[in-house]
Amino acid sequence: MLRKIKSHYAVIAGAICAALLAVPASAVITAEAQKAMTPQQAFEALLEGNERFADGVSLNRNLTDEVTATSTGQFPKGVVLTCLDSRTAPEAYFDTGLGDIFVGRIAGNFAEEGMIGSFEFAHKLAGAKVLAVVGHTTCGAVKGACDGAEMGNLTHTLAQLKPAIKKVPASVQPRNSKNPAFVQKVADANVRYTVKNILEKSDVLKEMVDNGELGVVGGMYDLSTGKVTFFPDTLHGVKMP
Ligand SMILES: [Zn+2]
C-alpha cells in the first residue's frame with residue numbers, strides 16, 4: 001500500500017516537473033548580448049514577448065534571482081514610453097524581466113524635454129536598441145483632454161495632447177469623450193505625434209536611427225486583449241517581421 005502511494009506521488013511530481021520544463025525560463029540580458037543585438041532584434045523581442053503575454057504563456061521568472069543577476073549593471077534592450085494607467089504595465093505585456101527595458105510613464109504618454117533627455121541617456125549612454133511609444137485604448141488622459149478637463153497641474157499635462165486632437169479631422173463628431181471613435185483617433189494620433197516629436201526634438205536619437213543604431217516605433221495596447229498593435233507608418237530604423 002505504502003509503495004503504491006509512493007509511486008502515485010512520483011507520477012504527480014514527474015508531471016509537475018514536466019509542466020515547469022514546458023515553460024522556458026528567463027535569462028537576464030548581458031553586456032555582450034546587448035552589444036550584439038540589432039534594433040530589429042530588439043523590436044522583434046518586444047513583439048514576441050507581447051505574443052507570449054497575450055497567449056498566456058509568459059516566461060517563468062524568478063525575480064529574486066534576477067535581482068542578484070542584475071545587481072552589478074543593466075543592459076536593457078529597449079525603452080517603452082507608456083501611460084500612467086495601472087492596467088498598462090510594459091514589463092508584463094512585453095513579458096520582460098528586471099534589467100530588460102527602461103520604462104517612461106506619464107498620463108497620456110507624450111514626451112517633453114525631461115522625458116526625451118531620459119531617452120537619450122537610455123539609448124546613447126546605456127545602449128538600449130529600440131524605443132517604443134505605446135498608447136492604450138480607452139485612455140482616461142485622452143478622454144480628459146478631449147473634454148478640455150482642467151484641474152491643478154493636470155491642466156498642463158492634458159494640454160500636451162492638444163496637437164493630437166487637432167490632427168483628427170473636423171468631420172469626426174462629436175469631439176468629446178462620449179464618442180469612443182473620436183477618443184481612439186486622438187490616442188492613435190498622439191502616438192504618431194509623439195514618435196515624430198521625439199525624433200524632431202532629439203538630434204541624438206535621430207542620428208542613432210540614421211546610423212542604424214536605434215529603432216523607434218509607435219503602437220497601441222488594447223486593454224481588452226493584452227495585445228500591442230504597432231503602426232507601420234511609425235516605424236523608424238526597423239520593419240515589421
Ligand atoms: Zn491612459
Side-chain angles (χ1 to χ4, degrees), residues 43 46-47 49-51 53-54 58 76 78-96 100-119 122 128 130-169 172-199 201 216-235:
F43 176 46
L46 294 183
L47 292 171
N50 181 241
E51 200 172 314
F53 172 74
S58 292
V79 177
V80 180
L81 169 61
T82 185
C83 184
L84 197 70
D85 195 292
S86 65
R87 298 162 294 179
T88 64
E91 293 91 340
Y93 66 63
F94 283 131
D95 188 21
T96 58
D100 276 344
I101 54 171
F102 290 103
V103 178
R105 302 190 72 146
I106 191 162
N109 46 267
F110 59 89
E112 285 183 302
E113 282 75 5
M115 187 71 83
I116 296 173
S118 301
F119 296 161
V130 68
L131 167 59
V133 176
V134 185
H136 69 98
T137 57
T138 64
C139 177
V142 171
K143 287 180 185 174
C146 290
D147 290 341
E150 294 187 352
M151 183 197 76
N153 290 287
L154 182 62
T155 304
H156 170 82
T157 306
L158 297 185
Q160 308 312 308
L161 304 180
K162 281 181 183 166
I165 293 175
K166 283 190 192 138
K167 298 259 178 219
V168 178
V172 182
Q173 296 287 340
R175 297 172 79 80
N176 58 46
S177 68
K178 291 195 172 59
N179 181 356
F182 175 62
V183 170
Q184 193 51 49
K185 280 183 192 300
V186 173
D188 292 349
N190 181 46
V191 166
R192 291 188 166 93
Y193 174 77
T194 301
V195 167
K196 191 166 163 277
N197 190 37
I198 291 169
L199 290 171
K201 285 200 175 141
V216 181
V217 300
M220 187 59 49
Y221 175 74
D222 189 325
L223 283 182
S224 63
T225 63
K227 287 184 183 165
V228 177
T229 303
F230 285 98
F231 305 146
D233 59 318
T234 64
L235 306 188

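Heavy atoms only: backbone and side chains are in, while hydrogens, waters and symmetry mates are out. Just so you know, ligand 1 is whichever comes first in the structure, and atom 1 is the first atom listed for that ligand.
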> How would you list, by chain and number, every residue that makes a salt bridge (Lys or Arg N to Asp or Glu O under 4.0 Å) with Asp85, sequence neighbours excluded?
Replying inline: Arg87
>> Check whether Thr88 reaches the backbone of Leu84 with its side chain - one donor and one acceptor, N or O, closer than 3.5 Å.
In response: no
>> Under the rule for side-chain hydrogen bond (donor to acceptor under 3.5 Å, both in side chains), what residues qualify as partners of Glu112, not counting sequence neighbours?
In response: His156
Quiz: residues 141-152 side-chain donor-acceptor pairs under 3.5 angstrom, not counting sequence neighbours:
| unit_1 | atom_1 | unit_2 | atom_2 | d |
| --- | --- | --- | --- | --- |
| Asp147 | OD1 | Ser177 | N | 2.8 |
| Asp147 | OD1 | Ser177 | OG | 3.4 |
| Asp147 | OD2 | Ser177 | OG | 2.6 |

> If you count the non-hydrogen atoms of other residues, nucleotides and ligands that lie under 6.0 Å from CG in Asp233, is the total more than 12?
Replying inline: yes
>> Below the 2.8 Å mark, what number of protein N, O or S atoms do you get around the Zn ion (ligand 1)?
In response: 3
> Looking at Pro76 and Phe102, what are the two nearest heavy atoms and their distance?
Replying inline: CG-CE1, 3.4 Å
